[in-house]
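Chain naming here is simple, since letters A, B, ... match the order of the sequence lines and numbering starts at 1 in each.
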Amino acid sequence: MARPNDEVEELLQEYADLLAITGGDAFKVRSYEKAARAIGGYHEDVSTLDGKALRAIPGVGKSIADKIVEYFATGSVQAVEEVRATMPAGVRELIAIPTLGPKKAAVLHDDLGITSVDQLVEAIEAERLRGLKGFGPRTEENILHGVRLLRQAGGRVLLNVALDVADAVIAELTAVTGCERCVYAGSLRRFRETIGDVDILAAAKDSEPLMRAFRSMSFVDEVIAAGEKKTSVRTTKGLQVDLRVVPLDAWGAALQYFTGSQAHNVRTRVMAVQAGLKLSEYGIFDAETGALIVSKTEEEVYHRLGLPWIPPPLREDRGEIEAALRGELPELVTEADLRGDLHTHTDLTDGVASLEDMVHAAAQRGLDYYAITDHAPDMPMQRMSDEKVLAQRRRVRELDGTVHGLRLLHGTELNIGPDGDVDWPEDFLRGFDIRVASIHSHFTQDRATMTRRLVRACENPCVDILGHPTARLIGRRLPVDVDLAEVFRACARTGTAMEINSAPDRLDLRDEDILLARRYGVMFAINSDAHAEPHLDLVRYGVGTAQRGWLTAADVINTWPLRRLRTFLAHKPTR
DNA sequence: GCCGTTTTCGGCCCGACTGTTTTCAGTCG
């Protein structure tokens with residue numbers, strides 16, 4: 001189901017985790033983690049590569065290349081199986097809890113026999129951790145808080161995970177004889193940031209061949225319900241997938257119904273009732289006679305209710321019905337509108353691909369311009385220096401315009417320190433074409449301090465974009481506590497753009513914050529924050545999030561022609 | 001386990017923060 005590279009990345013990461021828990025050499029653990037990332041971000045399908053080609057991937061040597069070859073030849077890796085046999089899978093789940101790492105997980109397993117998150121919570125409640133070396137009251141509190149955070153996602157998965165599953169299901173069902181149409185609907189079609197279950201809609205005269213194919217897919221773990229119109233399964237990863245099959249004639253009504261949201265559907269059904277109609281997943285009917293009026297396309301359904309077609313990301317009952325009635329629906333920004341990417345990394349810092357490879361991949365995407373924004377020296381782990389970044393700039397200048405005409409901007413991702421300062425003095429900062437500034441630490445400052453910190457960053461004449469502004473990681477870290485309205489005011493006043501970071505575990509700003517920011521006249525940048533070539537495609541999630549925030553192309557600075565962008569960057573009012 | 005204008009061994013991303021400690025281990029970015 002997943003890309004072969006993703007499978008290998010997951011396998012190597014699992015091996016690294018298990019090695020860490022079982023007390024393996026820390027450098028060896030890191031080697032596997034690094035190789036996992038490199039393979040996940042590698043542009044070629046690793047299942048098609050031989051040992052020699054695999055060893056050409058940075059971070060992959062003989063041992064790991066052999067394991068990858070073994071994996072594709074036999075379906076498993078002996079060394080991984082051996083360590084799996086000694087450590088239950090549930091122990092690895094423990095380290096997904098924030099503040100709980102491999103060492104503590106090992107103690108919990110070895111001393112208390114804990115092999116799952118549930119058992120850990122029980123053990124804390126039964127006070128069985130008391131007296132355990134290294135576990136005090138704060139540790140217990142932090143673990144319980146971490147578990148709550150994990151569960152807050154409520155079994156929901158990230159957008160990219162759900163989309164991979166949906167794409168795989170659709171590819172298989174589309175190939176079944178008799179399948180006339182097959183798409184995903186539900187919250188996935190609306191681009192919600194997390195997905196509870198994947199809704200697939202198909203059209204066919206006879207549903208049984210589709211249902212049979214669906215039930216027998218390789219990743220189905222359990223069939224929850226199996227009927228003529230609807231089948232529900234749970235995948236091996238625990239994600240529920242529902243398949244609905246309708247006659248082609250009912251396509252539009254069914255798609256409208258199964259796309260939701262529920263709140264939006266309530267509104268449309270009430271509108272139908274008020275017009276003497278009845279709206280269901282089978283069509284719009286005359287309430288009196290029961291006669292079918294329309295059902296074939298979503299456009300017809302909306303038009304019969306006196307509405308233009310409403311883009312799915314808007315269907316949340318957040319004013320879209322009223323805007324539609326007034327004829328004021330926004331012309332939403334699309335992926336095709338994006339001319340550039342303004343936040344990306346290379347292997348000079350924590351990316352896994354070279355400058356040249358990233359530039360070629362960006363050119364392949366058909367972008368007009370592309371900014372390289374590696375980390376600055378205030379994040380010591382990145383080992384950035386003036387010399388390194390200036391050497392990179394020279395190389396960027398050489399490459400500028402030479403790869404399919406792609407124009408290059410030399411930038412940096414600055415670190416916003418606890419008091420709002422950033423790396424490098426102003427004269428050095430002015431040497432960059434573009435500067436993103438982001439929070440990477442001190443996430444727990446109080447609201448007033450955090451607000452001052454971000455406002456100060458905006459007021460810095462050399463900060464062009466606030467990167468992942470709330471620093472949240474979905475399911476793992478809450479957004480920082482900050483008065484966003486105050487920050488948006490500062491952004492609007494200083495001409496600082498807000499990033500919509502497209503990484504599926506960030507999506508930061510999130511949709512509701514975008515809706516608010518827009519009211520303050522803030523400008524936005526939809527960026528990939530790519531650390532590898534395939535990440536450049538992640539902007540689809542950033543665009544979906546921007547659409548949920550009602551943004552048009554005019555609101556997004558990287559839809560502008562380069563000239564206009566450069567003017568924007570050069571004319572920060574505080575500069 | 002990987003890697004090499006310090007090259008086949010001996011380094012390896014390094015500093016800050018937190019909580020449990022009484023000098024430091026674990027986690028995180």
Closest listed nucleotide, where the reference is the side chain of [X] and the choices are [options]:
{"X": "A:Asn142", "options": "B:dG26, B:dG1, B:dG19", "result": "B:dG19"}
{"X": "A:Leu473", "options": "B:dG1, B:dG29, B:dT20", "result": "B:dG29"}
{"X": "A:Ser31", "options": "B:dG29, B:dC2, B:dC17", "result": "B:dC2"}
{"X": "A:Lys104", "options": "B:dG26, B:dT18, B:dC2", "result": "B:dG26"}
{"X": "A:Arg30", "options": "B:dC13, B:dG29, B:dG1", "result": "B:dC13"}
{"X": "A:Thr139", "options": "B:dG29, B:dT20, B:dG1", "result": "B:dT20"}

Scan [X] against the nucleic acid and name what it touches under 4.0 Å (heavy atoms): base, sugar-phosphate only, or nothing.
{"X": "A:Val29", "answer": "nothing"}
{"X": "A:Lys62", "answer": "sugar-phosphate"}
{"X": "A:Arg477", "answer": "sugar-phosphate"}

Nucleotide opposite B:dA16 in a Watson-Crick or G-U pair, distances under 3.5 Å | B:dT27
Would you confirm whether the ring centroid of A:His343 sits within less than 6.0 angstrom of the ring centroid of A:His345?
-> yes
So, for A:His360 and A:His43, is the gap between ring centers shorter than 6.0 Å?
-> no
Do any N or O atoms from the side chain of A:His535 and from the backbone of A:Ala532 form a donor-acceptor pair under 3.5 angstrom?
-> yes
Look only at the side chain of A:Thr545 and the backbone of A:Tyr541, and say whether a donor-acceptor pair between them is shorter than 3.5 Å.
-> yes
Residue whose nearest DNA chain B nucleotide is more 5′ - A:Ile95 or A:Thr444 = A:Thr444
Please figure out whether A:Lys133 or A:His440 has its closest DNA chain B nucleotide nearer the 5' end.
-> A:Lys133
For [X] and [N], give me the distance from atom [atom1] to atom [atom2], rounded to whole Å.
{"X": "A:Arg37", "N": "B:dG1", "atom1": "CZ", "atom2": "C1'", "value": "14 Å"}
{"X": "A:Arg138", "N": "B:dC17", "atom1": "CZ", "atom2": "P", "value": "16 Å"}
{"X": "A:Phe443", "N": "B:dT27", "atom1": "CZ", "atom2": "C1'", "value": "13 Å"}
{"X": "A:His375", "N": "B:dG29", "atom1": "NE2", "atom2": "P", "value": "12 Å"}
{"X": "A:Asn415", "N": "B:dG29", "atom1": "CG", "atom2": "C1'", "value": "10 Å"}
{"X": "A:Phe135", "N": "B:dT18", "atom1": "CZ", "atom2": "P", "value": "19 Å"}
{"X": "A:Leu132", "N": "B:dG19", "atom1": "CG", "atom2": "P", "value": "17 Å"}
{"X": "A:Gln13", "N": "B:dG1", "atom1": "CD", "atom2": "P", "value": "16 Å"}

Can you tell me, in whole Å, how much space there is between the [atom1] of [N] and that of [M]?
{"N": "B:dT18", "M": "B:dT23", "atom1": "C1'", "result": "15 Å"}
{"N": "B:dA16", "M": "B:dG11", "atom1": "P", "result": "23 Å"}
{"N": "B:dG19", "M": "B:dC9", "atom1": "P", "result": "45 Å"}
{"N": "B:dC28", "M": "B:dT22", "atom1": "P", "result": "23 Å"}
{"N": "B:dC13", "M": "B:dC2", "atom1": "P", "result": "14 Å"}
{"N": "B:dG26", "M": "B:dT21", "atom1": "P", "result": "12 Å"}
{"N": "B:dT20", "M": "B:dT27", "atom1": "P", "result": "13 Å"}

Taking every heavy atom of A:Ile439 against every heavy atom of A:His468, the minimum-distance pair comes out as O-CE1, 3.3 Å
Do the side chain of A:Ser63 and the base of B:dG1 come within less than 3.5 angstrom through a donor-acceptor pair of N or O atoms?
-> no
Reckon A:His442 has a side-chain N or O less than 4.0 Å from the OP1 or OP2 of B:dC17?
-> yes
Assess whether salt bridge (charged side-chain N to carboxylate O under 4.0 Å, His left out) is satisfied between A:Glu193 and A:Arg472, documenting all intermediate values.
-> CA-CA 12 Å; A:Glu193 63 190 33; A:Arg472 73 160 175 175; 2.8 Å; yes
Does a side-chain heavy-atom distance below 4.5 Å link A:Thr346 with A:Gln392?
-> yes
